[in-house]
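Structure, as structure tokens:
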Amino acid sequence: MSDEPAVENARKDFIREIIDEDLASGKHEGTVTRFPPEPNGYLHIGHAKSICLNFGIAQEYGGRCHLRFDDTNPTKEDTEYVDSIKEDVRWLGFDWGDNLYFASDYFEQIYEWAVHLIKEGKAYVDDQNAEQIREARGNLQEPGTDSPFRDRSVEENLDLFQRMKDGEFGDGEKVLRARIDMAHANMNLRDPVLYRIAHAHHHRTGDAWCIYPMYDFAHGQSDALEHITHSLCTLEFEHHRPLYDWFLDNLPVPSRPRQIEFSRLNLNYTVMSKRKLLQLVQENHVSGWDDPRMPTISGIRRRGYPAEAIRDFCKTVGITKFKGTNDIGLLENAVRQVLNKTANRYMAVLDPIKVTVTNYPEDQVEEMEAMINPEDPDAGMRKVPFCRDLYIEREDFMEDAPKKFFRLSVDKEVRFRCAYWLKCNEVIKDESGEVVELLCTYDPETRGGENPPDGRKVKGTIHWVSARHAVDAEVRVYDRLFSDEDPEGGEGSFLDNMNPDSLHLVENAKLEPCLADVGVGECVQFERLGYFAVDPDTTADRKVFNRTVPLRDSWAKKQKK
RNA sequence: AACUCCGUGGUGUAACGGUAGCACAACAGGUUUUGGUCCUGUUUGUCAAGGUUCGAAUCCUUGCGGAGUUGCCA
């Protein structure tokens, strides 16, 4: 309720302003949008922007948003992708209801419209091959030249097109082209191809067709058939709009959609093109489409990013025609913001050093009380066992500590979160000089981590785990996949810019026992470290965690300087 | 000058002729049993030049810069 005025006053992007105008002027009575993926790959965060836009508008305006698969190219498409796309849209929190469509459902109608154009003298069958057509198209400086087949009679065109459909010709032998203007400044209007021959099995229509419409000849008409009011797409389609409109002008379509283009999402340290993502998968640079380092929806889901954070992120990047690059930090910030409110806190040690509390009774174990989430008191409390044998993070101990190091050091005292204050008295090293154990003493007057009565102060609080009760787990610590801000820039392949340390595998992390009960997919905070999600690779006897995103770390930042 | 589109702090995004604001980042401080969270403050911007106007990021002109377009992909 309280955020209603905020929604009301929310600044609208130029597309929503256009919709407002169209509603105000009576041009449309409602708003119908569509999300039109081609089922030839997995959805990525860039698609999320389009999904949030299209479905978001439908929600805000009480309209509807169709999920339509743009499946006009049978050689590249597959039902595997259809299924993953549906799952991803649903996971993002959107619902297309009964409005699930396929461009291939319209093949018959689109074919009839092609015949219509032929009858009007606005389309012709061209016998030229692909190379000849390319050469005759001219270039950006020079006009194209008419095809020698451009002036065939309507009857001949009708006959030839029928025979194309009947399978009399091989792939590439003939195409159907619109008869527009071979000298047009916009290449898309230089007699664009409408239909090509492809003796290929289609994932839905099977072998019913051997001719398939091109995107341009299918998309706008599909929009019109579905009574889409606003057809939102990315900037690359801007100079296709005149063609989009040409078909609507020259065909007896049942409605008049309007195409509006906006800038696609670009993120630094990320590649977004389907081709490159496919390459990463096929060449095994990642473990699959859902590798947690991938910008795919399935990847970021597995990584632990909440859908809400993706939606928030899409809201903050906004919709414009300006082709900019967003900072990946903005996404990570959205993730932290959601997780800070929702993630349960636990303690886990990724790189353990043993700590022995020499003055703590050998046989004693105490159940320390700890908040599950300080940001959400309703989450309640949990119990964490404390005893003489503990682990702490190697990073939290330093022998020659600088003044600003607030953690454990020799003769220094620090708070063990929710437990006691401990002082390190002695360091035990192995032959190579590596620290293997710390001998510490605890102060019984600091139980629960409370301040002692004598008024002593301590600057730091560190996390720990009982060595006797710890649960072992695998933790996959991810970093960005590319070390270069613009992986696709520069001379060589984008693969040259891959971050060699994008995955750091921790085989034997030590977890507090409560963590044994966390289910697959759940994302928790390992205190002082970051957010971690339980990976599906988890088995009955071994948990696997993915690091979703680290906590902000002003100490690390200070150290770098 | 083939055509089309786009230029607001470091990044992204508002301001629709009337105080250039917000988020992220950065920096400084406060709070804190997470060097987290939270709070406060600071730095940094209208591509340029003309014009219209009492008044221009906004309208006009010119220039400059960037992107896209020559698939039987979408």
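Note that the coordinates shown come from a computational prediction; the quantities given were computed from them, not determined experimentally. Heavy atoms only: backbone and side chains are in, while hydrogens, waters and symmetry mates are out. Naming: A, B, ... by sequence-line order, numbering from 1 per chain.
The side chain of A:K321 approaches B:rC6 more closely than any other nucleotide in the set B:rC6, B:rG35, B:rA2.
In this structure, the side chain of A:W209 does not engage the main chain of A:F107 through any donor-acceptor pair within 3.5 Å. Looking at A:R190, its side chain does come within 3.5 Å of a backbone N or O of A:N139 through a donor-acceptor pair.
As judged by a 4.0 angstrom heavy-atom cut-off over every strand, A:Q337 is placed among residues making no nucleic acid contact. Using a 4.0 Å heavy-atom criterion, one finds that A:M214 contacts the sugar-phosphate atoms exclusively. Looking at heavy-atom distances under 4.0 Å, A:E375 makes contact with a base.
Nucleotide B:rG18 forms a pair with B:rC54, judged by Watson-Crick or G-U wobble geometry with both contacts under 3.5 Å.
When the side-chain nitrogen and oxygen atoms of A:R190 are compared with OP1 and OP2 of B:rU69, none of them lie within a distance under 4.0 Å.
For the ring-ring contact (aromatic ring centres under 6.0 Å, His included) test with A:F217, the passing option among A:Y244, A:F247, A:Y106 is A:F247; the others fail.
Side-chain to base pairing of A:H184 with B:rA2: no donor and acceptor N or O lie closer than 3.5 Å to each other. For A:E142 against B:rU70, a side-chain-to-base donor-acceptor contact under 3.5 Å is absent.
A:F397 has its CZ atom 18 Å from the P atom of B:rG35, to the nearest Å. When the P atom of B:rA25 is taken as reference, atom CG of A:L267 falls 15 Å away, rounded to whole Å.
Using a 5.5 Å limit on the distance between ring centres and a 30° limit on the angle between planes, the aromatic ring of A:F322 does not count as stacked on the six-membered base ring of B:rG7.
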